[in-house]
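These notes are about the structure you will find just below.
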Amino acid sequence: MDSRRCESSTREALSREALSREALSREALSRELVERASELDLEPPHLFLGWSIASMATDLSSDERQALVHLIWASLAAYVQGSTHLPFHAAGKAHLEHVLAHLGVSDAQAQAVQALVRRLQKCPVLEPVIGSPEGYQPFVWDAGGLYHQRMWAMERRVSCRLLERLDRKPVGPTTDSVLRDVAASPPTSRGRKMRMSSEQKKAIAAAIVQPLTLIAGEPGTGKTSVVVSLLRAIARLGHISLDAIALAAPTGRAADRMRQSVDHALRHLESPAFADADLIKRPPMSQTLHRLLEFSPRSQRFRRNEDNPIDQRFVIVDEGSMIDISLMDALLRALPHDAQLVILGDAHQLPSVDAGAVFRDLCARARTVVVRLTKNYRMNPDDPNGQAILGAARAVHTGRDDMFGDAEPLPANMCTDANKIRFEGFELLASEPRSRMRYWSIYYTRRIRQASYGETIHERTFHFRDGSCAHLGDLESLFRRLSGSQILTLTRSGPSGTHAINELFHKRVIRERNLPSTEFAPGEPVMVQRNDYARGLFNGDQGIVLSVANEEHEPRLACVFRRGASFVAFPIEAIRRSIELSYAITVHKAQGSEFDHITLALPKERIPLLTRELIYTAITRSRSSAVILGRPKVFAAGVRHGIERFSSLGRWLEQ
């Protein structure tokens, strides 16, 4: 469709929308419909969008146009839930039927939608709304599925760029002698030498020569060790300068953890060689993908692209499961033609918040170079608690929902009395309201009060001078203790959501310390909710509220954040709108982190968000203790349900 015709159709649609505003208000945004749609993650703008686009199809009868509205709503529901399109095979039809039923669509209207789908399968054009991939309609019908035009173009572009990389021949120097040299001087962790396994050597050898390498493994399988050894191997080969290497992750928190892990390993090399000296002195600094690609908040675009590629020739990305199709598109567009890309991740974890399941799809394709790590280093074989968590995580991944049954039970503790929770290994508290409140009381005493120095924290003032804290050791201890435990939730709202749990603990802190009612109190953990580029704070960064003084200001409440090997403090007033209490955070926010202990608070009944991927991700955040707080039947239902995301990336890669 040319631009004049598109503009004319748009004017007609807007005119029709204005004439039927009353009808839209009555039908499209009835209170019942809005409530039903919200349970599908559809908001009023999505409902209006469906009506607006459908109104452009002037050749349809009113019943057919209503069917088109419902079809568009179903496609929008698929998109906001992470799919790149709505297919019409068995699973896609089930999704369509689920959406229609959830919206309260009558049987006659549902039949009209099915008739519209059959019509599109015979003739995949419905001017000016649905067209072929070559057109400019809002929707594309391709391979028996309905795509948003932008999603179709993006997924196709990503597949083409990936295929171009996969079709290149491996290039690079021989690595055998280099790997032997790296393996001869491993780093130490907790008194143990972290020797490379054959799997890790295979991953490094592939990454050095392949244009694209995926390294997949569950938490604790040594993915970070691979990154460190890969950097050391590159330093020895000398064919790529350290300045040409980029370390990145999808979130600020994951990037910071990557930096800390790499720095720690380099500082604990058993006997560093001469080739390690520069790497130890100035290791590549990990950063978010948004920062690497120079995202502009003002224009909402990346400055780096095919016309202005990044400078680095070797890019290593951690937490690959969190990369959505849009971010992968931006990364591939900005990579120089001769750059090598290594992506590490766990395909069993939650996929990205936004549309796509890129890492999962890539790991499932035979054409991609995937090295799988299976040996677990985090769980000490002599530690029964770690082994219980690892066993539970693997059971969840396989969909086993009888972990607390009689048939080959796992080493797990299930009880109905909160006082019997040991905070060891894998446990489930079959909680009703009374036992849940008792558990929160126990948790507060053992995990919060003790970690924040009890009732004395509000009496302390931390002094900063020239950007450095005079109480560095105390801050290190406080951060380490508070970050040892974390409550995880599915949602932000509701009785088992982050808001309710954070408010519960906040009120107890205020009451016990006899403090004036305030939004934040000294010693409370907080999390950044949006990127603040000016201050270097990113979504997911965690800090602690403390009384802070420096040479210019008397003591005042501030948020203290870790910054490299030191700490920075910002007055509460300056960042109040960007932070929230974080006694409890969502599982999505916890991706890329690990704790000694986690508690997963389940809702009273299963909701669509509760899936085996979410439970697996929550459990694998823990090193030694995981408590599931909820009804066993709700937990089992979550384990039985996996995330279903519709994507064409894998199909296009195979073609």
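Sorted pairs that involve residues 608-620 and meet salt bridge (charged side-chain N to carboxylate O under 4.0 Å, His left out), not counting sequence neighbours, are lacking altogether.
With F423 as the aromatic partner, R447 meets the cation-pi criteria of under 6.0 angstrom to the ring centre and within 45 degrees of the ring axis.
Put simply, the side chain of V526 does not reach to within 4.5 Å of the side chain of I544, judged on heavy atoms. Counting heavy atoms from C-beta outward, L610 and I615 have side chains that approach closer than 4.5 Å. Taking 4.5 Å as the limit, every side-chain heavy atom of Q81 sits out of range of all side-chain heavy atoms of L42. R530 has its side chain out of reach of N539: every pair of non-hydrogen atoms, C-beta onward, lies at least 4.5 Å apart. The closest side-chain heavy-atom distance from I316 to L231 is below 4.5 Å. Considering only heavy atoms from C-beta on, M527 stays 4.5 Å or farther from S578 through its side chain. In this structure, the side chains of V627 and I598 stay at 4.5 Å or more apart for every pair of heavy atoms. Considering only heavy atoms from C-beta on, V317 comes within 4.5 Å of L331 through its side chain.
Remark: K420 does not engage E427 in a salt bridge, criterion side-chain N to carboxylate O under 4.0 Å. Ionic pairing of R372 and E199 is not present here: no N-O contact between side-chain nitrogen and carboxylate oxygen is shorter than 4.0 angstrom.
Remark: the backbone N or O of G217 is paired with a side-chain donor or acceptor of K223 at under 3.5 angstrom.
Environment of OH in Y79: sparse, with no more than 12 heavy atoms of neighbouring residues, nucleotides or ligands closer than 6.0 Å.
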Determine, stepwise, if the pair Y439 / T599 fulfils side-chain hydrogen bond (donor to acceptor under 3.5 Å, both in side chains).
-> CA-CA 10 Å; Y439 176 79; T599 294; 2.6 Å; yes
How far apart are the C-alpha atoms of S582 and Q542, what are their side-chain angles, what is the distance that settles it, and do they pass the side-chain hydrogen bond (donor to acceptor under 3.5 Å, both in side chains) test?
-> CA-CA 8 Å; S582 61; Q542 281 191 287; 3.1 Å; yes
Begin from the C-alpha positions of S185 and R232 and carry the test side-chain hydrogen bond (donor to acceptor under 3.5 Å, both in side chains) through to its verdict.
-> CA-CA 11 Å; S185 57; R232 296 177 68 202; 2.6 Å; yes
Checking side-chain hydrogen bond (donor to acceptor under 3.5 Å, both in side chains) for the pair S647/D361: CA distance, chi angles, key distance, verdict?
-> CA-CA 8 Å; S647 165; D361 291 345; 2.7 Å; yes
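Across every non-hydrogen atom of I215 and A203, the tightest pair is CD1-CB, 3.9 Å. Contact record, I323 with M328: CG2-N, 3.7 Å, taken as the closest heavy-atom pair. Residue I628 comes nearest to F635 through the heavy atom pair CG2-CD1, 3.8 Å, listed as atom of the first residue, atom of the second, then distance.
Under the 30°/60° scheme for interplanar angles, the aromatic rings of H268 and H264 are found to lie parallel. The aromatic rings of F567 and F479 lie tilted to each other, with the angle between the two planes from 30° to 60°. Relative orientation of the H597 and Y443 rings is tilted, given thresholds of 30° and 60° on the angle between their planes. In this structure, F505 and Y444 have parallel ring planes: the angle between them is below the 30° cut-off, well short of the 60° mark.
When the side chain to side chain contact (heavy atoms under 4.5 Å, CB included) test is applied to Q287, the partners found at least two apart in sequence or on another chain are R291, L292. For R492, the salt bridge (Lys or Arg N to Asp or Glu O under 4.0 Å) test picks out E580, with sequence neighbours left out.
Using modelled atom types and a 3.5 Å distance limit, the side chains of E424 and S625 yield no donor-acceptor pair. At a cut-off of 3.5 Å, with distance as the only test, no side-chain donor of S496 or R436 sits close to an acceptor on the other residue. Side-chain contact check for Q486 and Y583: no donor-acceptor pair (N or O, by modelled atom type) lies under 3.5 Å.
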